[in-house]
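A quick write-up on the structure given underneath.
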Amino acid sequence: MTLNLFSQFASPHLLGIPLILLATIFPWLLFPSPSNRWLPNRLITTQTWFSKTFAKQIFTPIGLLGHKWALILTSLMVFLLSINLLGLLPYTFTPTTQLSLNLGLAIPLWLATVLIGFRNQPAAALGHFLPEGTPTPLIPILIIIETISLFIRPLALGVRLTANLTAGHLLIQLISTATLTLLFLSPIISSLTFITLLLLTILEIAVAMIQAYVFVLLLSLYLQENT
């Protein structure tokens, strides 16, 4: 039987119904709802500390106009971080390996930052297409290049997140398959491969957290540029 490495990235179905929506909603069920008690439990305290620390770090260089985005970007960070880490568990599905989902998150948020820039500071927003002091013959070329670079931003956001997570999952599957195959042929080599698998898993946990942070950080930089 030929092993299809990419079958793990196909959206699971139950009775013909795609379960990607359930996989997307499930992480939110793991977070506790706010409590009216004076002394919250440790989980709520940790969640509150993380949200405040992340929002402070992201929005310190952004003007007051961009602080309205604190709830959106913090929620997006928690959402991506939860999905990426849950996707590393055995027999689970990672929705962020789907380019359609990542582009569905990147394009609307990027477009919102661009529209905010054109609404609040149209001169500065248009000025990004043509740097000051540009020679006259290069003006049409630079405008085309800057326009292309602007529209590539959301595509780069989605492709970066998809490619990093997909590559990590493929490496884990390849090395785990090699470990199982070598278990009866050469136990010593299989043990070394298993150690490599453990180290790779730790690396993928770090990659899952870093990629979620980079996704939100780049969106905050686009917001800072337009506010």
Side-chain angles (χ1 to χ4, degrees), residues 3-35 40-55 57-58 70-109 157-177 179-180 194 196-220:
L3 178 63
N4 186 3
L5 295 177
F6 292 92
S7 61
Q8 60 176 318
F9 303 115
S11 177
H13 289 72
L14 179 63
L15 300 176
I17 302 174
L19 299 181
I20 186 172
L21 181 60
L22 179 61
T24 305
I25 296 177
F26 180 73
W28 294 113
L29 303 179
L30 301 179
F31 288 91
S33 58
S35 174
N41 57 32
R42 296 176 181 177
L43 183 58
I44 295 179
T45 303
T46 304
Q47 179 184 353
T48 304
W49 170 83
F50 173 79
S51 300
K52 289 182 178 179
T53 304
F54 174 77
Q57 181 178 2
I58 289 292
L71 180 60
I72 297 176
L73 294 187
T74 304
S75 301
L76 179 62
M77 175 65 185
V78 173
F79 174 70
L80 292 177
L81 186 61
S82 304
I83 285 185
N84 292 350
L85 293 178
L86 289 175
L88 293 175
L89 297 175
Y91 303 104
T92 56
F93 173 69
T94 311
T96 45
T97 56
Q98 306 295 313
L99 184 60
S100 57
L101 174 64
N102 297 333
L103 289 180
L105 293 173
I107 293 178
L109 294 174
L157 277 178
V159 170
R160 181 187 295 108
L161 182 59
T162 303
N164 281 281
L165 295 180
T166 301
H169 283 68
L170 286 176
L171 282 175
I172 289 177
Q173 181 174 357
L174 286 173
I175 296 180
S176 60
T177 304
T179 302
L180 186 61
F194 180 72
T196 305
L197 178 62
L198 291 179
L199 296 176
L200 180 61
T201 303
I202 296 174
L203 176 63
E204 284 306 311
I205 293 175
V207 169
M209 294 186 291
I210 291 173
Q211 289 303 317
Y213 177 75
V214 168
F215 190 93
V216 179
L217 178 63
L218 290 177
L219 283 175
S220 69

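Sequential numbering from 1 along the given sequence is applied to the chain's residues. Worth saying up front: this structure is predicted, and the values here are computed from it rather than measured. What you see below is based on every heavy atom in this structure, not just the backbone, and it leaves out hydrogens, waters and symmetry mates.
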Counting C-beta onward and ignoring hydrogens, is there a side-chain heavy-atom pair between [X] and [Y] closer than 4.5 Å?
X: L81; Y: M209; answer: yes
X: L218; Y: V214; answer: yes
X: F215; Y: L76; answer: yes
X: F79; Y: L105; answer: yes

Measure the spacing between [atom1] of [X] and [atom2] of [Y] and express it to the nearest 0.5 Å.
X: I205; Y: I210; atom1: CD1; atom2: CD1; value: 12.0 Å
X: L197; Y: I175; atom1: CG; atom2: CD1; value: 6.5 Å
X: I83; Y: T97; atom1: CD1; atom2: OG1; value: 10.0 Å
X: Q57; Y: L217; atom1: CD; atom2: CG; value: 8.0 Å
X: I72; Y: S220; atom1: CD1; atom2: OG; value: 13.0 Å

Q | Side-chain donor or acceptor of T53 paired with backbone N/O of F50 under 3.5 Å | A | no

Looking at [X] and [Y], what are the two nearest heavy atoms and their distance?
X: L80; Y: A212; result: CB-CB, 3.8 Å
X: L88; Y: A208; result: CD1-CB, 4.4 Å
X: A106; Y: G158; result: CB-N, 4.4 Å

(Q) Exactly one of N164, N84, L199, I172 should register a side-chain contact (heavy atoms from CB on, under 4.5 Å) with E204. Which one does? (A) I172

Q. Residues in side chain to side chain donor-acceptor pair (under 3.5 Å) with T162, at least two apart?
A.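 Side chain to side chain donor-acceptor pair (under 3.5 Å) list for T162, sorted by chain: N102.
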
Q | Partner residues of T74 under the side chain to side chain contact (heavy atoms under 4.5 Å, CB included) criterion, sequence neighbours left out | A | S51, F54, A55

Q. Please walk me through it: do L73 and M77 pass side chain to side chain contact (heavy atoms under 4.5 Å, CB included)?
A. CA-CA 6 Å; L73 294 187; M77 175 65 185; over 6 Å; no

Q: Would you kindly say whether H169 and T94 are connected by a side-chain donor-acceptor distance under 3.5 Å?
A: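 There is such a pair between these side chains.
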
